[in-house]
Structures are given as structure tokens and as C-alpha cells.
S.K.: 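Sending over a structure as C-alpha cells; questions will come in a sec.
Here the structure is a predicted model, which is why all the values come from computation and not from measurement. Naming: A, B, ... by sequence-line order, numbering from 1 per chain. Scope of the values below: all heavy atoms of this structure, side chains included, with no hydrogens, waters or symmetry mates.
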Amino acid sequence: MELSKNYIPGEVETKWYQHWIDQGYFHSEPNNKPAYTVVIPPPNVTGVLHMGHCLNNTIQDILVRRARMQGMNPCWVPGTDHASIATEAKVVAMLRERGIAKSSLSRDEFLGYAWEWKEKYGGIILQQLRKMGCSLDWERTSFTMDPDYYETVIKVFVDLYNKGKIYRGKRMINWDVKAKTALSDEEVIHKEVNGKMYHIRYKLDMPGEEYITIATVRPETIFGDTAICVHPKDDRYKHLVGKHAFVPMINRRIPIIADDYIEIEFGTGALKVTPAHDVNDFNLGQKHGLEVIETMNDDGTMTDAAPMYLGKDRIEVRKIIATDLEASGNLVKIEDYVNQVGFSERTDAIVEPRLSLQWWVDMKQLAGPALEAVMSDEIQFHPAKFKNVYRHWMDNIKDWCISRQLWWGHRIPAWYDADGNVYVAENEAAVNAKYPETNGKTLTQDSDCLDTWFSSWLWPIEVFKGMSNPNNTEINYYYPTSTLVTAPEIIFFWVARMIMAGEEYMGKIPFKDVYFTGIVRDKQGRKMSKSLGNSPDLLGLIDQYGADAVRFGIMIASPAGNDLLFDESTLEQGRNFNSKLWNAAKLLKMWEPRISNEGTVPQDAAFAMDWFQAKLSATQIEVDEMLKTFRLSEALKTIYGLIWDDYCSWYLEWIKPGFEQAIHADVYNKSIEFYDSLLQLLHPFMPFITEELHHALKTQTQDLCVKEYEAIGKVDETVLNAGALLKNVISTLRDARNKNQIKPKDSIDLHIQSENNAAYQRIENILAKQVNAKSIAYTQASIGSSIVVALEKDKFYLVADQAIDTASLKENLLKDLEHQKGFLASVEKKLSNEKFVQNAKPEVIAIEQKKKADALARIQTIEESLAQL
RNA sequence: GGGAGCAUAGCUCAGUUGGUUUAGAGCAUCUCGUUUACACCGAGAGGGUCCGCGGUUCGAACCCGUGUGCUCCCA
């Protein structure tokens with residue numbers, strides 16, 4: 001097979017992906033091999049691929065492909081999440097564009113549009129994963145609202161309700177005024193916002209003109225005030241406790257109470273208490289039996305509690321109320337103030353604390369085993385630092401608000417009669433059966449649906465129908481899954497809850513390892529986001545550089561557990577690596593017509609082969625260890641260096657036949673074999689080009705994608721060291737040539753003075769070729785008018801045609817001498833320290849003594865060289 | 001306010017229970033070079049007060065304390 005001048009990724013990628021699919025390599029069925037199961041963190045069904053997905057799925061694919069080549073039975077399950085709030089928001093927006101208001105539709109009509117939308121756009125992200133080369137089992141594609149999955153979610157709700165782990169209650173929740181739904185605590189993003197602190201005085205219900213001044217960042221909520229609270233020990237206000245004051249503008253009379261919750265130093269030390277719109281105020285209100293007055297509607301506009309602002313948005317009111325308060329004489333001052341404000345994760349609306357009747361999961365009942373599983377390392381977190389984060393959240397766990405005032409999702413299986421009694425069962429018939437008193441009564445189903453994560457937490461179980469068809473062959477084989485790869489930001493949303501669900505419903509952990517990826521940021525360290533416009537178009541990048549280069553680029557810059565700063569230059573590096581791989585194969589193929597079986601393998605080529613075999617095995621062991629510990633980026637760097645430097649720059653140069661010379665068949669075949677091993681090692685990271693080259697090298701009986709790794713050979717340390725010495729000698733001599741401005745084309749005569757000539761004789765052909773020496777001779781004495789180079793205990797004399805720059809030579813030697821002397825001094829200092837000799841381990845002392853001997857020898861060599869100049 | 005983490009070359013990072021030659025890699029930079037795979041290249045080089053201070057130790061990038069600066073999570 002002839003290789004084109006350059007590697008063109010596009011066609012090759014399409015060709016091989018289709019081939020792999022056609023061969024069914026990615027499809028898994030339970031068999032007698034060990035399972036390696038990965039479930040994809042299901043992306044939002046309406047989503048498109050971004051850099052975060054790229055990183056996350058590349059990592060999963062590396063693990064899965066590696067497992068496949070290790071002879072396991074990998075199963076990587078794709079799928080999407082219905083993403084209740086995000087999808088509903090998109091559908092509402094789409095309808096609005098078409099001039100349809102959600103409020104004008106019935107639930108069923110709306111869901112009709114939503115499904116239509118899902119069918120049309122839902123598959124995009126999965127198609128994009130194919131472009132990246134992900135070896136997902138497409139026959140297993142799941143969706144969190146598939147019929148079986150849907151039923152399972154409902155069953156789980158009913159079950160937890162029956163067990164008393166789900167309840168309905170009126171509590172403070174986070175209200176998204178845009179989506180008009182409740183949110184869980186995890187869906188609220190706290191950001192720092194520059195705001196104002198308003199100091200407002202309330203007239204006291206006392207004779208005369210006396211006031212009490214409070215400080216607030218939310219003046220529009222004064223209409224919901226039902227008390228003013230001060231610290232019982234605050235001398236400024238002690239005398240006012242038990243008295244009353246009037247809310248400005250509406251003149252409602254409220255009590256002044258005392259509670260040590262108040263921070264005396266904060267603001268004016270007097271707090272306005274608004275139980276309907278602040279969690280802390282609500283708790284205070286409960287404690288003191290205060291009235292709750294709601295001032296806000298579900299869309300964020302003011303209620304008739306604030307008659308003068310009725311129907312106006314609370315943000316707008318905050319702007320104008322200052323003027324009105326000033327007019328009424330109640331505004332004392334306004335200060336700049338930075339405070340934390342909660343925003344909806346999905347709609348970015350400012351979240352309003354609101355008192356509301358919702359459904360809750362009692363998390364304390366579920367947390368115990370889930371915490372234990374991680375703390376005992378039954379589930380291992382990588383990096384382990386996330387254990388702390390996890391424990392902290394679990395220790396302070398709060399109940400989970402799971403009802404959402406949305407239509408797109410799993411509808412809550414609760415029914416109400418005319419009196420407001422609640423009945424929970426799978427469906428209305430089940431309600432009637434379970435609660436005979438409901439027969440004949442008109443029941444209405446709860447109109448809310450469940451939080452998306454209430455379905456996602458069953459993902460590793462239900463993609464194998466572990467609940468809709470308990471104990472089936474697949475769940476028993478694939479569960480628990482092997483590795484979960486996900487972002488640390490969803491550790492609470494998803495990871496923790498999956499562990500809870502696994503323990504609750506399978507009695508087993510859902511996965512053994514969790515690998516947390518970093519967050520993809522731009523060059524300036526900003527998180528990539530749509531609004532900043534700093535998220536590159538992934539498909540465009542794949543078109544430009546090829547999928548392998550993109551995978552390489554994102555992995556090489558991706559230290560385990562740290563954020564990665566995405567820089568397109570790493571993709572260039574990946575593309576260059578493609579070229580390097582391609583060209584090395586081209587070189588090998590160029591030799592094919594000149595293969596010869598005559599004679600024996602030349603000594604130098606034999607050495608090169610022995611050395612590379614040792615280097616390959618040593619690196620395979622190293623890479624294996626790195627991958628076992630999830631140090632993927634390091635593993636890729638190591639493979640990159642092995643291919644580029646050791647194979648291409650050293651090995652291939654060492655065995656390269658002279659101009660138009662034959663290559664021995666054994667050398668050729670071994671070189672092809674080595675290269676194939678390198679491709680195999682690299683395959684999980686860069687699947688396309690490696691598969692292509694695997695087949696280009698020679699006729700293969702098997703695709704690389706499913707070729708199993710062979711046992712790693714034993715590492716010959718002696719030859720490994722000999723190779724290292726050779727590389728060192730070559731580099732040192734090349735440096736000497738460079739510094740003496742000997743042109744690459746000009747050859748030299750090399751004289752070696754060593755006590756171990758045999759070591760050099762074995763490799764002298766390589767040496768001659770690599771330092772452009774036309775002769776190599778061995779000598780016992782120094783050679784005049786030559787460039788002298790000292791290395792270890794050996795000396796090298798380079799005889800060139802041109803004049804020698806003695807001055808710079810001397811300078812270099814002196815510099816080296818100084819360094820060696822300094823080093824010797826530090827070693828001697830250590831060895832002459834009695835305490836060191838007494839306390840240090842014997843092997844450490846031996847090392848120090850060897851260092852000393854080596855340094856002395858080197859100093860002698862350098863001094864001898866200097867003497868000759 | 002509570003908690004966690006980080007600080008090593010211009011940049012991104014390795015550095016395993018403290019001792020493995022006076023700290024390593026990749027990228028970037030500089031010098032030289034188009035020699036029959038590759039300029040998307042080759043050869044070579046330069047570049048570090050391991051954040052500051054104090055301590056433990058025969059010995060500290062590594063352990064302890066403290067200060068500073070960043071990042072993340074939670075409220």
C-alpha cells in the first residue's frame with residue numbers, strides 16, 4: 001500500500017468509524033470475559049457538543065478502547081437526559097418564536113411540541129460523538145424518558161413515598177421566576193453582585209418623632225415585613241423591645257422583637273424580618289410566631305401587599321422605591337455594597353426564596369451507606385481530594401426538593417381529591433385499588449413533574465433495565481459499572497445521588513472508580529461558556545485538524561483532576577504528531593523494495609533492535625502503571641516521547657541503511673513490528689491514524705481496534721543503559737561540533753580514549769553515522785590539535801580540518817570543571833559529616849561515595865584535557 | 001462567614017515513605033542546518049532564591065508553623 005505525501009484525516013476517519021460499526025466491535029453482549037462497563041454522563045437531549053464533552057468523552061473512549069485491547073468485554077452505553085427545565089425552556093422559546101404562548105396550550109398539546117422537538121434535535125449530540133471516534137455501543141442508546149425508564153422513575157417515587165423517604169411539605173424553596181418553578185439548592189448559582197445597602201427608618205409607635213433605622217439590600221420587600229429584630233444585649237435598642245413601629249409607605253404596625261441571631265455589628269444592628277422572602281427570616285418568623293406576608297407573585301411582580309407597585313417587577317421596584325422612600329422621609333442613606341445573589345443555573349434569573357408546598361426526598365435516610373462507600377474507598381475517587389468535598393456535603397446534607405412546576409418530565413404520581421387529600425400510587429387505577437375510599441371520587445393528578453436528577457440517579461441501573469426487569473442477565477453482568485468519568489461540578493447533583501440509588505435499589509455501589517475531569521477554560525483561565533463566546537466550534541476544529549489531533553490536543557494539556565487551559569496550539573501539536581507518524585511509516589515503506597536476506601544482521605542494527613526492544617518494554621510497563629492510576633495525560637506524553645524521540649529520532653536513524661543500500665529482512669521486519677506495537681499503544685488515544693497505519697504497514701489479519709495486547713517482554717537493563725550512554729555520547733559530540741562551528745557536512749576523525757573499548761566497538765558504526773565521523777580509532781594517549789571532550793571517564797578527540805577555537809574550548813572546560821568541583825565539595829561535605837554517616841541508610845552512603853568517585857574521575861579527565869590546550 | 005485545594009523554567013505541568021549526581025518534561029525562545037521520511041522537520045543551547053519567613057532533621061521542592069497571592073465548593 002502506497003502512502004500519500006500527507007495524512008488527510010477526513011476520509012480516513014469516516015472510513016474506519018463505519019468499518020468498526022459494520023464489524024460490530026462496539027457492541028457488547030454478556031459473555032465469559034470480564035466486563036468493563038462505562039455509562040456516559042447523559043448529555044442534555046437538546047445539547048450540542050462542547051469542549052467539556054470532548055474532554056470527558058475522549059477520556060471515556062481511551063479507557064474503553066484500552067479495556068477492549070486488554071481482552072475485556074467493554075460496554076460503553078450512550079444516551080441522553082431529558083433535561084426537564086433546560087428543554088422546556090427551549091421549547092417555550094421556540095413556541096414563542098412561532099407566536100404560541102405556553103399558557104394557551106394544554107399539557108398534552110405542549111408535550112406534543114416537546115416530543116416533536118426532541119425527535120428533531122435530540123440526536124445531534126450523539127452524531128457528534130461519532131465524529132470524535134467514541135466507541136459507544138449504539139445499540140444500547142438510552143433516554144431518561146424511554147417508556148420503561150419512565151415507569152421505573154414513577155415506581156421509585158412511589159416506593160420511596162411508601163417507605164417514608166419522600167414527603168410533601170410547605171417550606172422555603174428557591175423560586176425561578178422565569179421558568180416559574182422550584183429549584184433544588186444545587187441548581188442555584190451564587191455570584192457576587194455590586195448592589196446597594198439602603199438604610200431606612202421606621203417611625204416608632206411612640207409619642208413624638210422617633211425612628212428605628214434598619215439596613216437592607218432588598219428595600220422592595222419591606223411590604224412583607226412582620227417584625228423588626230434586634231439583639232437582646234444591644235444597648236441602643238434594649239428599650240424598644242416590645243414596642244412597635246410602622247412599615248413606611250403603608251404604615252402597617254409591626255412589633256420590635258429580640259433574638260441573639262442578630263449580629264450587632266452588621267448594618268444598623270436592627271433587622272427587618274420578612275418571613276415570606278428569606279430563609280433566615282422565615283426561621284425567625286417561625287420561632288417568634290410572626291405572620292407571613294407574600295409580596296411577590298410567581299413571576300416576580302409585586303402583589304397587592306404593595307398596592308402602589310402592584311404588577312411591577314421586583315427588580316424595577318427596587319430602583320424606584322428609593323425615590324419614594326426619600327419623598328416620604330424614610331430614606332436615611334444608600335451605601336455601595338457587594339453581596340451574594342443566587343441565580344438559576346438554567347435560566348440565569350435571580351432566584352427568589354419563597355414559601356411553597358413541594359415534594360421532598362428525606363436525604364438523611366439515604367446518605368449513610370453512600371458516604372461510607374466513598375470513605376472506605378469501596379468507590380475510589382480520582383483525584384482523591386474530592387473525597388473531602390463529598391464528605392462535607394454528605395455531613396451537611398439537606399432534603400432534596402424534587403417537584404418542578406414544569407410539564408416536560410416524569411409527572412408526579414400523586415392524586416388529590418376535592419378535599420385536598422393526597423394519594424400516591426403508580427396510576428389512578430392503582431390509587432383506587434390501594435385506597436378504596438377514593439372509588440367514585442373525582443381525582444386530580446399533581447400537575448408537577450420531577451427534577452431531572454430524580455431520573456438520572458437511576459442511570460447506571462436502568463440503562464440495563466435493572467429495575468424494570470430486575471435480575472436480568474445484563475444487569476447482573478454489567479453492574480456495578482467500572483469507571484464513571486464526570487465533571488466535579490456534578491458531584492452532588494449526580495454522583496452522590498447515583499451512589500444512594502445504587503445502595504437503595506441494588507444494594508451495591510454503582511461504579512468502582514470515579515474519575516473527575518477538570519473544567520475546560522480558555523487561555524485566560526475563563527470558563528468556557530456560550531455567553532462569553534469563548535467556546536470554540538468543536539466540529540470545525542475536527543474538520544481543521546482531524547479528530548485524532550483534537551483528542552491529542554485536549555489530552556496532552558489535561559493533568560489529572562486539574563482544570564485545563566485550552567489552547568489551539570496543542571491541536572497543532574497533535575496534527576504535527578499525525579504527520580510524524582505518517583512520515584515514519586512512509587520511511588519504513590520506502591525500504592520495502594530493498595529488503596535483503598543475505599548475510600547476517602549488522603552488529604549495530606542488532607544493538608539498535610535490542611535497545612529499542614528494551615525501551616519499548618520499559619515504556620509499556622510505565623504506561624500501564626500510569627493508566628491504572630488514571631494519569632492519562634502523562635501516559636500520552638510518555639508514548640509521544642517514545643515514538644517521536646526514541647523510535648523516530650534515535651532508532652530509525654540507527655538502523656537506517658546508507659543511500660540506496662539494502663536493509664536486512666530481519667531488521668525491516670522487526671522495525672515494522674516495533675512500529676505496530678507503538679501504534680497499538682497509542683491507539684486508545686488516537687484511534688483513526690493508528691488503525692490506518694496498522695493496515696498500511698503490512699497485510700493484517702486483524703483490526704488494531706480489537707487486537708489484544710501481548711504480554712510485555714522482560715526489560716534488559718544492561719542494553720537500556722548502553723543505549724543511554726550512546727545517546728549521551730552522540731549528543732555531547734554533536735554539541736562539541738556545534739560549539740566549534742564544524743558544519744554538519746564536514747566529517748571528522750574521532751579518537752576514543754577509554755578503558756572499555758569493547759563497549760564502543762559494538763556501536764561504532766552508529767556513532768560514526770550520528771556524529772559524521774569518517775573514522776573511529778582507539779587510543780591510549782591524547783591526540784594533538786584536536787577538540788577534546790570529556791564524558792564520564794572517557795575522552796573523545798575530534799580531529800577536524802578547520803582551525804580549533806581553543807579559547808572557547810577552554811572556557812567550556814573551565815565551566816564544567818567549576819561545576820564538578822562544586823558538586824564534589826557538596827558531596828564531600830556530606831560524607832565528612834559524622835551525623836550523616838551515622839544516621840543515613842547504608843545504600844544512601846554508598847550512592848554518595850560513588851558520586852564522589854565519579855566526580856573525582858571527571859575532574860581528572862577535565863584537568864588532563866585542559867593541560868593539553 | 002465555613003470548608004477544600006493550589007503556588008516548581010516565559011507557559012502548562014511531573015517530581016512516588018525526606019537522600020538516585022547542585023530539580024525534570026512538553027510547548028515556547030535562541031543558534032545552526034534544507035543531509036533522500038518529515039520545515040507540520042533535524043541537531044544543539046539557554047532558561048529555576050522550587051511564593052516569602054521561621055522550624056524539625058545529618059539532610060527539605062517534599063514534613064510542621066506562619067504570612068502572602070490565586071482557585072474552587074458550601075452558606
S.K.: Where each pair must be Watson-Crick or G-U wobble with both distances under 3.5 Å, what dot-bracket representation of RNA chain B is obtained, with crossing pairs in [ ] and other-strand partners as |?
M.R.: (((((((..((((.....[....)))).(((((.......))))).....(((((..]....)))))))))))).
S.K.: Scan nucleotides 39-42 of chain B against the protein and return all N/O pairs shorter than 3.5 Å with their distances rounded to 0.1 Å.
M.R.:
from	atom 1	to	atom 2	distance (Å)
C40(B)	O4'	N576(A)	OD1	2.9
C40(B)	O2	N576(A)	OD1	3.4
C40(B)	O2	S579(A)	OG	2.4
C40(B)	N3	S579(A)	OG	3.4
C41(B)	OP1	N576(A)	ND2	3.4
C41(B)	O3'	K580(A)	NZ	3.4
G42(B)	OP1	K580(A)	NZ	3.0
G42(B)	OP1	W644(A)	NE1	2.6

S.K.: Work out how far the P atom of C27(B) is from that of G44(B), and round it to whole angstrom.
M.R.: 14 Å
S.K.: With a 4.0 Å cut-off on heavy atoms, is R858(A) in touch with a base, just the backbone sugar-phosphate, or nothing at all?
M.R.: base
S.K.: Does D854(A) reach a base, just sugar-phosphate, or nothing at all? Heavy atoms under 4.0 Å.
M.R.: base
S.K.: Using the closest heavy atom to pick a nucleotide of RNA chain B for each, name whichever of W393(A) or S826(A) lands nearer the 5' end.
M.R.: S826(A)
S.K.: Which listed nucleotide (C38(B), G19(B), A75(B)) is nearest to the side chain of E653(A)?
M.R.: C38(B)
S.K.: Figure out the CG/P separation between D735(A) and U31(B), and round it to whole Å.
M.R.: 17 Å
S.K.: Can you name the residues that form a ring-ring contact (aromatic ring centres under 6.0 Å, His included) with F552(A), not counting sequence neighbours?
M.R.: F577(A), Y640(A)
S.K.: Rounded to whole angstrom units, what separation is found between the CZ atom of F516(A) and the C1' atom of U71(B)?
M.R.: 18 Å
S.K.: Would you tell me if any nitrogen or oxygen in the side chain of Y640(A) comes within less than 4.0 Å of OP1 or OP2 on C27(B)?
M.R.: yes
S.K.: Please compare V188(A) and T732(A) by the position of their nearest nucleotide in RNA chain B and report the one closer to 5'.
M.R.: T732(A)
S.K.: Which residues satisfy the salt bridge (Lys or Arg N to Asp or Glu O under 4.0 Å) test with D646(A), sequence neighbours excluded?
M.R.: K727(A)
S.K.: Rounded to the nearest Å, what distance is computed from the CD1 atom of residue I491(A) to the P atom of nucleotide C74(B)?
M.R.: 10 Å
S.K.: So does D259(A) pair up with K287(A), basic N to acidic O under 4.0 Å?
M.R.: yes
S.K.: Any protein N or O atoms within reach of nucleotides 58-63 of chain B? Criterion: under 3.5 Å, listing atom names and distances.
M.R.:
from	atom 1	to	atom 2	distance (Å)
C58(B)	O2'	N833(A)	ND2	2.6

S.K.: I'd like to check the ring-ring contact (aromatic ring centres under 6.0 Å, His included) partners of F612(A); sequence neighbours left out, ordered by chain and number.
M.R.: Y647(A), Y651(A), F674(A)
S.K.: Calculate the interatomic distance between K637(A) atom NZ and C27(B) atom P; express it in whole Å.
M.R.: 11 Å
S.K.: Answer yes or no: does a side-chain N or O of K656(A) lie under 4.0 Å from OP1 or OP2 of A37(B)?
M.R.: yes
S.K.: Please list all pairs passing the salt bridge (Lys or Arg N to Asp or Glu O under 4.0 Å) test where one or both residues lie in residues 735-745 of chain A, with sequence neighbours left out.
M.R.: D735(A)-K739(A)
S.K.: Check salt bridge (Lys or Arg N to Asp or Glu O under 4.0 Å) between K670(A) and all other residues, then give those that pass, not counting sequence neighbours.
M.R.: E673(A)
S.K.: With rounding to whole Å, what would you report as the distance between C72(B) and C62(B) at their P atoms?
M.R.: 27 Å
S.K.: For W591(A), enumerate each residue passing the ring-ring contact (aromatic ring centres under 6.0 Å, His included) test, keeping only those at least two apart in sequence or located in another chain.
M.R.: none
S.K.: Does G44(B) have OP1 or OP2 under 4.0 Å away from a side-chain N or O of S731(A)?
M.R.: yes
S.K.: Please list, chain by chain and in numerical order, all residues satisfying side chain to side chain donor-acceptor pair (under 3.5 Å) with N738(A), sequence neighbours excluded.
M.R.: none
S.K.: Test of understanding: with salt bridge (Lys or Arg N to Asp or Glu O under 4.0 Å), list the residues that count as partners of E863(A), not counting sequence neighbours.
M.R.: K821(A)
S.K.: Please examine the side chains of Q770(A) and L733(A), heavy atoms only from C-beta on, and report whether any two atoms are closer than 4.5 Å.
M.R.: no
S.K.: List for me each residue that meets ring-ring contact (aromatic ring centres under 6.0 Å, His included) alongside W654(A), sequence neighbours excluded, and say none if there are none.
M.R.: W611(A), W650(A)
